[in-house]
There are 2 protein chains.
Amino acid sequence: MALGALAQSTRLEAFRLLAAHEPDGLPAGAIADALAVPQNTMSSHLAILARAGLIRSRRHSRSIVYRADLARFQQVALFLIKDCCGGRPELCTPLIADLQPCCGPKEPADV
Amino acid sequence: MALGALAQSTRLEAFRLLAAHEPDGLPAGAIADALAVPQNTMSSHLAILARAGLIRSRRHSRSIVYRADLARFQQVALFLIKDCCGGRPELCTPLIADLQPCCGPKEPADV
DNA sequence: ACGATATTTCTAGGATGATCGAAATATGGA
DNA sequence: TCCATATTTCGATCATCCTAGAAATATCGT
């Protein structure tokens with residue numbers, strides 16, 4: 001399950017890091033370095049995230065550069081929300097309202 | 001972690017069931033029955049969901065009625081989305097767009 | 001007080017997961 | 001070809017999780 005892939009602190013942080021580094025991506029070693037985790041340990045986590053479809057890898061000479069698949073992430077988040085709100089718009093509406101200040105297309109609405 | 005509580009099929013289904021039965025809730029036995037899981041097994045899962053703050057329980061004579069805490073769920077979903085989209089509105093905007101048809105405050109917008 | 005119902009807690013076995021040292025694989029430069 | 005770099009795969013250990021049988025707790029009706 002894709003949710004399970006994100007339900008682990010090291011992996012969630014790795015995904016966050018990759019999301020923040022879109023669209024350039026980050027090589028495996030840099031990720032392990034940034035999170036202070038051994039490379040082989042991080043490699044396992046990256047493999048799990050990749051198997052869940054949340055990240056992709058492409059070789060770039062000696063390094064393997066990972067990138068977050070944001071479309072897939074949106075899909076997972078949507079599944080979670082829609083699945084749990086099933087048929088009850090009034091339960092999800094405040095969620096959208098809270099999302100607007102962060103990601104709204106128009107007004108920044110800070111403070 | 002609250003995400004971990006939902007990253008398990010039986011628990012996710014239990015939460016879905018409770019969300020669908022808002023605001024009445026459902027007694028523990030009915031949940032176990034609906035998902036074809038032994039009562040003690042379900043009890044463990046419910047305890048985990050409760051510890052994560054995603055559900056609440058109240059005794060109702062002989063039964064213990066569980067209810068989904070939708071505010072908490074919204075909080076978790078928001079955390080996940082905001083955390084991963086950190087500072088990148090353009091990544092979350094399509095998420096809102098996809099959410100509108102399901103939970104939009106105004107137009108039903110079906111088909 | 002007693003028995004029946006509803007649920008939890010205790011306990012344990014089996015499965016899965018996280019971590020990491022060591023070895024293996026792939027790439028590029030001399 | 002040989003060595004250095006970057007990453008993965010293998011193997012093992014330790015912890016955690018899922019599951020469910022059995023016993024314990026709480027509530028109600030009589």
Side-chain angles (χ1 to χ4, degrees), chain A residues 1-19 21-22 24-69 76 80 83, chain B residues 1-19 21-22 24-69 76 80 83:
Chain A
M1 191 189 304
L3 262 186
L6 292 176
Q8 206 280 336
S9 56
T10 303
R11 284 198 297 266
L12 182 59
E13 288 200 29
F15 184 82
R16 269 178 65 189
L17 189 66
L18 287 177
H21 281 261
E22 274 296 286
D24 299 332
L26 226 54
I31 303 171
D33 217 39
L35 303 186
V37 169
Q39 292 208 351
N40 53 1
T41 299
M42 182 53 70
S43 184
S44 302
H45 287 307
L46 291 175
I48 291 172
L49 284 169
R51 211 172 305 133
L54 287 161
I55 63 175
R56 289 179 201 286
S57 64
R58 282 194 60 175
R59 184 136 227 157
H60 223 267
S61 103
R62 259 164 305 187
S63 316
I64 294 185
V65 175
Y66 281 89
R67 282 191 56 185
D69 186 332
V76 171
L80 177 65
D83 195 51
Chain B
M1 190 189 304
L3 262 186
L6 292 175
Q8 204 280 336
S9 56
T10 302
R11 284 198 296 267
L12 181 59
E13 288 201 29
F15 184 81
R16 269 179 64 187
L17 189 65
L18 287 177
H21 280 261
E22 274 296 286
D24 298 332
L26 227 52
I31 303 172
D33 217 40
L35 303 186
V37 169
Q39 292 209 351
N40 55 359
T41 299
M42 182 54 70
S43 184
S44 303
H45 287 308
L46 291 175
I48 291 173
L49 284 169
R51 210 173 306 131
L54 287 162
I55 63 176
R56 289 179 201 287
S57 63
R58 282 193 59 175
R59 184 138 227 154
H60 224 267
S61 101
R62 259 165 304 188
S63 315
I64 294 186
V65 174
Y66 281 89
R67 283 191 55 186
D69 187 332
V76 170
L80 177 65
D83 196 51

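Because the structure is predicted, anything quoted here is derived from the model rather than measured. Every chain is numbered from 1, with letters handed out A, B, ... down the list of sequences. Worth knowing before you read on, the calculation uses all heavy atoms, side chains too, and leaves out hydrogens, waters and symmetry mates.
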Begin from the C-alpha positions of V76(A) and L54(A) and carry the test side chain to side chain contact (heavy atoms under 4.5 Å, CB included) through to its verdict. CA-CA 9 Å; V76(A) 171; L54(A) 287 161; 4.3 Å; yes
Measuring to OP1 and OP2 of dA6(C), would you say a side-chain N or O of Y66(B) lies under 4.0 angstrom away? no
Atom pair CG/CZ of D69(A) and F15(A) - distance to nearest 0.5 Å: 7.5 Å
Donor-acceptor pair, R67(A) side chain versus R56(A) backbone, under 3.5 Å? no
May I have the distance from L26(B) (atom CG) to dA6(C) (atom P), rounded to whole angstrom? 14 Å
Assert: residue with more 5' nearest nucleotide on DNA chain D, out of Q8(B) and P27(A), is P27(A)
Write down the distance between CZ (R11(B)) and P (dT19(D)), rounded to a whole number of angstrom. 9 Å
Specify the separation, in whole Å, of atom NE2 of H60(A) and atom C1' of dA26(C). 16 Å
So if I take every side-chain heavy atom of R59(A) and compare against dT19(D), dC28(D), dT27(C), which nucleotide ends up nearest? dT27(C)
Starting from the 5' end of DNA chain C, give me the residue, H45(A) or S57(B), whose nearest nucleotide shows up first. S57(B)
Between dC18(D) (P) and R51(B) (CZ): distance, integer Å: 11 Å
Find the distance I55(A):CD1 to dT7(D):P and express it as a whole number of Å. 13 Å
Taking atom C1' of dT19(D) as reference, at what distance in whole Å does atom CG of L46(B) sit? 14 Å
Reckon S43(B) touches a base, only the sugar-phosphate, or nothing at all at heavy-atom distances under 4.0 Å? base
Would you find a donor on one side and an acceptor on the other, under 3.5 Å apart, between the side chain of S63(A) and the backbone of R59(A)? no
Looking only at non-hydrogen atoms, find the nearest pair between L3(B) and L6(A) and report the distance. CD1-O, 4.0 Å
What is the minimum heavy-atom distance between I48(B) and A5(B), and which atoms define it? CG2-CB, 4.2 Å
Distance in angstrom units between I48(B) CD1 and dT16(D) P, rounded: 13 Å
Provide, to the nearest angstrom, the distance between the CZ atom belonging to R58(A) and the P atom belonging to dT7(D). 16 Å
So which heavy atom on L46(B) is nearest to which on A28(B), and how close? CD1-CB, 4.1 Å
Going by heavy atoms closer than 4.0 Å, what residues in residues 28-41 of chain B are next to DNA chain C? A28(B), G29(B), Q39(B), N40(B)
Phosphate OP1/OP2 of dG29(C): any R62(A) side-chain N/O under 4.0 Å: no
